[in-house]
Every structure is written in C-alpha cells, then in structure tokens.
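Treat the numbers as computed from the prediction; the structure is a model and nothing was measured.
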Amino acid sequence: MADVRIGIVGCAGRMGRTLIQQIHTTEGVSLSGGTEAPGHAEIGADLGSLIGSDDLGLKVSDENLPLFANSDAVLDFTVPAATLAHAALAAQARIVHVIGTTGLEDADEAKILAASKHARIIKAGNFSLGVNLVAELTRQLASTLGEEFDVEIIEMHHRHKVDAPSGTAMMLGEAAAEGRDRALGEVAVRGRDGITGERRPGDIGFASLRGGNVVGDHTVIFAADNERIEITHRAADRAIFARGAIRAAIWGQDKDPGLYDMADVLGFGK
Ligand code: NAD
C-alpha cells in the first residue's frame, strides 16, 4: 500500500519539529511538506535542518494550498486563527485534518464543526494514549463516585505555553462533567483568587502552573471527606503526542467526513 502523505503546518514549532522527526522514522507514512507563518525565519530552510538531520529535499514554505493539495493528511499544532483557516482548506481538499491546537473558543469550535461536513477532522486536547486512558478513567470515576467527591484538576507546563488551563486539563474536565451528565461550562471554576466563597457542590476546579521545560503534567483529584483519589499523567517527551497524531492521520484515511477525537481513534466506546 502507498504511504500516507502527511504535511505539517507550523513545522518549525516545538510540536512541528517533533512531528517531522516522527514521520521520518515511522513506516507507512511519508512527509509531503511543511509550512510556517508568513515572515517566519525558517521559510526556505530544508525540513531536515529543523531536526538537525540531513536535507530531506523539502523546503519550509508559507503557501498552504500546494501542501493541502499534495497531502492525504495535515497535522496542525499551531494557533487558533491559523487552525480555522486550515480547517477550511482541509474541507476544500477533502483530506484528513488532525488538530492539536488548544485555546480554541466556542465560536472557533463551531467553525471547525462546519468544516467537518466535508473534511475528516480529528481533534484532541491531547494525542497521547496515556492521557486518553486517564480521561476514560476520569469519566468512569466521576460517574461512579457522585458529587460528594469534589473534582479538581491540576496541570503544569513549560514557561512558553500561552493558554491556560491546558487543552488536556479541559479535556479531563469534559470527561468528569460527562461522567456526571453535566455541561462543563456550568460547573467549571477556572482559577480562584481572593474571597471566593465556599466551593459549590458539583464544581470542577482547575489550577495551572507554569515553569521550566515541563512537557505536560496533569492530575485529576477526587476529594471526599476522609479519602482522596488522584490520577496523574506526566509527559516527558512530545514524541508521545506526535505518535498519536500520526496514528490519527492513518486511521482517518478511510473514514467519512466528520469530527472525531482520539477516543474514536483508540476505539474507546463512550
Ligand atoms: P509553538 O509556538 O512552538 O509552535 C506553533 C507554530 O505554529 C509556530 O512555529 C508558529 O510560527 C506556527 N504558526 C503560527 N501561525 C501559523 C500559520 N498561519 N501557518 C503555519 N504555521 C503557523 O507551539 P507548540 O508548543 O508546538 O504548540 C502548538 C499548539 O499545540 C499549542 O496550542 C499547544 O497547546 C498544542 N499542543 C497540543 C498537544 C496535543 O496533544 N493536542 C500537544 C502539545 C501541544
């Protein structure tokens, strides 16, 4: 079978470089190219130079149309505004769009849903197998334990991260809310400061820490009187997200247009 041709938007970013490395060393996929934001310092550089390897014969470009036309899937770990434009291009090109970008607003999500009428979009706040298992456990615990167990979610990331709470923390919060048949928007408390009043039963709290080069730590706490359950996931290398994103790109090849997540790719029944 021919290789799945995968393009990377934002190829000079932290995740972009990790994706080049992983595609380069994964069987059954080949790199079709990479783009960056107009004016980026790496435009014109060979993609190999971004990962400190020999030339790969592909240059960083700022033109998305040829990339989408020559790819079976595009991996997108960029910024919300760029991701929306990419989703529209993926819909036109009828290809698989794997979205890892976080910090999307509700209005952005609606545009992505609209694009998924024509594109096969796989979007996840976290593409690692481990975090998706933690989300599944969180859903089950929240459903079983009930609201006498308060749910709090703590995350820590490197000093360069620009959005908070992390996309993964929100994904874990969604899982807890789903387990309790609640809408996360009604129960989320996204940070506390000053005289906050007592905790409301059923709230799902978030706390964000930033520092150093932490790739991503998440803990979900279920706290009741006299007992506490804590589940922690620590990511030590971005390769775990890259491998999941490539797996999603391959999985999406024979799917109908629609909006999917990593639980679909991994086959977790929800
Ligand atoms: P980064 O800032 O290192 O990389 C983002 C890249 O996107 C930059 O190189 C930037 O120049 C590029 N970009 C911006 N606009 C563009 C455009 N119009 N066209 C092409 N490229 C453009 O950030 P990062 O650490 O790689 O993270 C990127 C995103 O992925 C963040 O939202 C982060 O939270 C998310 N992320 C998600 C997962 C996951 O598993 N879902 C894992 C890690 C990071």
Interatomic spacing from [atom1] in [X] to [atom2] in [Y] - rounded to 0.5 Å:
{"X": "Leu75", "Y": "Thr18", "atom1": "CG", "atom2": "OG1", "value": "11.5 Å"}
{"X": "Thr83", "Y": "His86", "atom1": "OG1", "atom2": "NE2", "value": "6.5 Å"}
{"X": "Asn132", "Y": "Leu137", "atom1": "CG", "atom2": "CG", "value": "11.0 Å"}
{"X": "Leu145", "Y": "Gln140", "atom1": "CG", "atom2": "CD", "value": "11.0 Å"}
{"X": "Ser71", "Y": "Leu89", "atom1": "OG", "atom2": "CG", "value": "11.0 Å"}
{"X": "Arg17", "Y": "Ser49", "atom1": "CZ", "atom2": "OG", "value": "7.5 Å"}

With a 3.5 Å distance limit and no angle check, can you tell me whether [X] reaches the backbone of [Y] through a side-chain donor-acceptor pair?
{"X": "Asp261", "Y": "Ala263", "result": "yes"}
{"X": "Arg234", "Y": "Gly216", "result": "no"}
{"X": "Arg180", "Y": "Gly146", "result": "yes"}
{"X": "Ser143", "Y": "Arg139", "result": "no"}

For [X], side-chain hydrogen bond (donor to acceptor under 3.5 Å, both in side chains) partners two or more places apart:
{"X": "Gln21", "value": "none"}
{"X": "Gln92", "value": "none"}
{"X": "Thr232", "value": "Thr219"}

Side-chain contact test, heavy atoms from C-beta onward, threshold under 4.5 Å: evaluate it for [X] versus [Y] and give yes or no.
{"X": "Val96", "Y": "Trp251", "answer": "no"}
{"X": "Thr102", "Y": "Ser166", "answer": "no"}
{"X": "Val98", "Y": "Phe127", "answer": "yes"}
{"X": "Lys123", "Y": "Ser116", "answer": "no"}
{"X": "Phe222", "Y": "Val220", "answer": "yes"}
{"X": "His157", "Y": "His218", "answer": "yes"}
{"X": "Leu172", "Y": "His233", "answer": "no"}
{"X": "Val215", "Y": "Asp237", "answer": "no"}

Item checked: Apart from Met171 itself, residues in the same hydrophobic cluster as defined by side-chain heavy atoms under 4.5 Å ->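 Its cluster partners, ordered by chain and number, are Val131.
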
On a heavy-atom basis, which atom in [X] and which in [Y] lie closest, and how many Å separate them?
{"X": "Arg5", "Y": "Asn70", "result": "NH1-O, 3.3 Å"}
{"X": "Ala115", "Y": "Ala91", "result": "O-CB, 3.6 Å"}
{"X": "Glu36", "Y": "Ala12", "result": "OE2-N, 3.0 Å"}
{"X": "Thr101", "Y": "Val79", "result": "CG2-C, 3.5 Å"}
{"X": "Asp163", "Y": "Gly103", "result": "OD2-N, 3.4 Å"}
{"X": "Leu19", "Y": "Ala245", "result": "CD2-CB, 4.2 Å"}

Note to self: Show, in sequence, the C-alpha distance, side-chain angles and deciding distance for Ile8 and Leu47, and conclude whether the side chain to side chain contact (heavy atoms under 4.5 Å, CB included) test is met.
What the structure shows: CA-CA 10 Å; Ile8 306 171; Leu47 290 180; over 6 Å; no

Note to self: Please evaluate residues Asp264 and Ile122 with respect to the criterion side chain to side chain contact (heavy atoms under 4.5 Å, CB included), reporting the C-alpha separation (whole Å), side-chain torsions for both, the decisive distance (0.1 Å), and the verdict.
What the structure shows: CA-CA 9 Å; Asp264 297 314; Ile122 302 150; over 6 Å; no

Can you find a side-chain donor-acceptor pair between [X] and [Y] that sits under 3.5 Å?
{"X": "Ser53", "Y": "His24", "answer": "no"}
{"X": "Thr35", "Y": "Asn64", "answer": "yes"}
{"X": "Asp76", "Y": "His97", "answer": "yes"}

Note to self: For Glu155, give me all partners under salt bridge (charged side-chain N to carboxylate O under 4.0 Å, His left out), at least two apart in sequence or on another chain.
What the structure shows: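 Partners of Glu155 by the salt bridge (charged side-chain N to carboxylate O under 4.0 Å, His left out) criterion, ordered by chain and then number, come out as Arg210.
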
Please check if atom [atom1] in [X] has more than 12 non-hydrogen atoms from other residues, nucleotides or ligands closer than 6.0 Å.
{"X": "Lys255", "atom1": "NZ", "result": "yes"}
{"X": "Glu148", "atom1": "CD", "result": "yes"}
{"X": "Asp254", "atom1": "CG", "result": "yes"}
{"X": "Glu63", "atom1": "CD", "result": "no"}
{"X": "Lys111", "atom1": "NZ", "result": "no"}

Next item on the list: List the steps and the verdict of side chain to side chain contact (heavy atoms under 4.5 Å, CB included) for Asp150 and Arg199.
Entry: CA-CA 9 Å; Asp150 299 323; Arg199 193 183 200 287; 3.3 Å; yes

Same cluster (ILVMFWY, side-chain, under 4.5 Å), [X] and [Y]:
{"X": "Phe268", "Y": "Phe241", "answer": "yes"}
{"X": "Phe206", "Y": "Ile154", "answer": "no"}
{"X": "Met170", "Y": "Ile231", "answer": "yes"}
{"X": "Met15", "Y": "Leu84", "answer": "no"}
{"X": "Leu50", "Y": "Ile43", "answer": "no"}

Note to self: What verdict does the side chain to side chain contact (heavy atoms under 4.5 Å, CB included) test give for Val4 and Gln253, after you've listed the backbone C-alpha separation in whole Å, the side-chain angles of each residue and the deciding distance to 0.1 Å?
What the structure shows: CA-CA 8 Å; Val4 175; Gln253 290 306 309; 3.6 Å; yes

Under 3.5 Å, sequence neighbours excluded: what are the donor-acceptor pairs made by side chains of residues 182-196?
unit_1, atom_1, unit_2, atom_2, d
Arg182, NH1, Glu147, OE2, 2.9
Arg192, NH1, Glu152, OE1, 3.0
Arg192, NH2, Glu152, OE2, 2.8

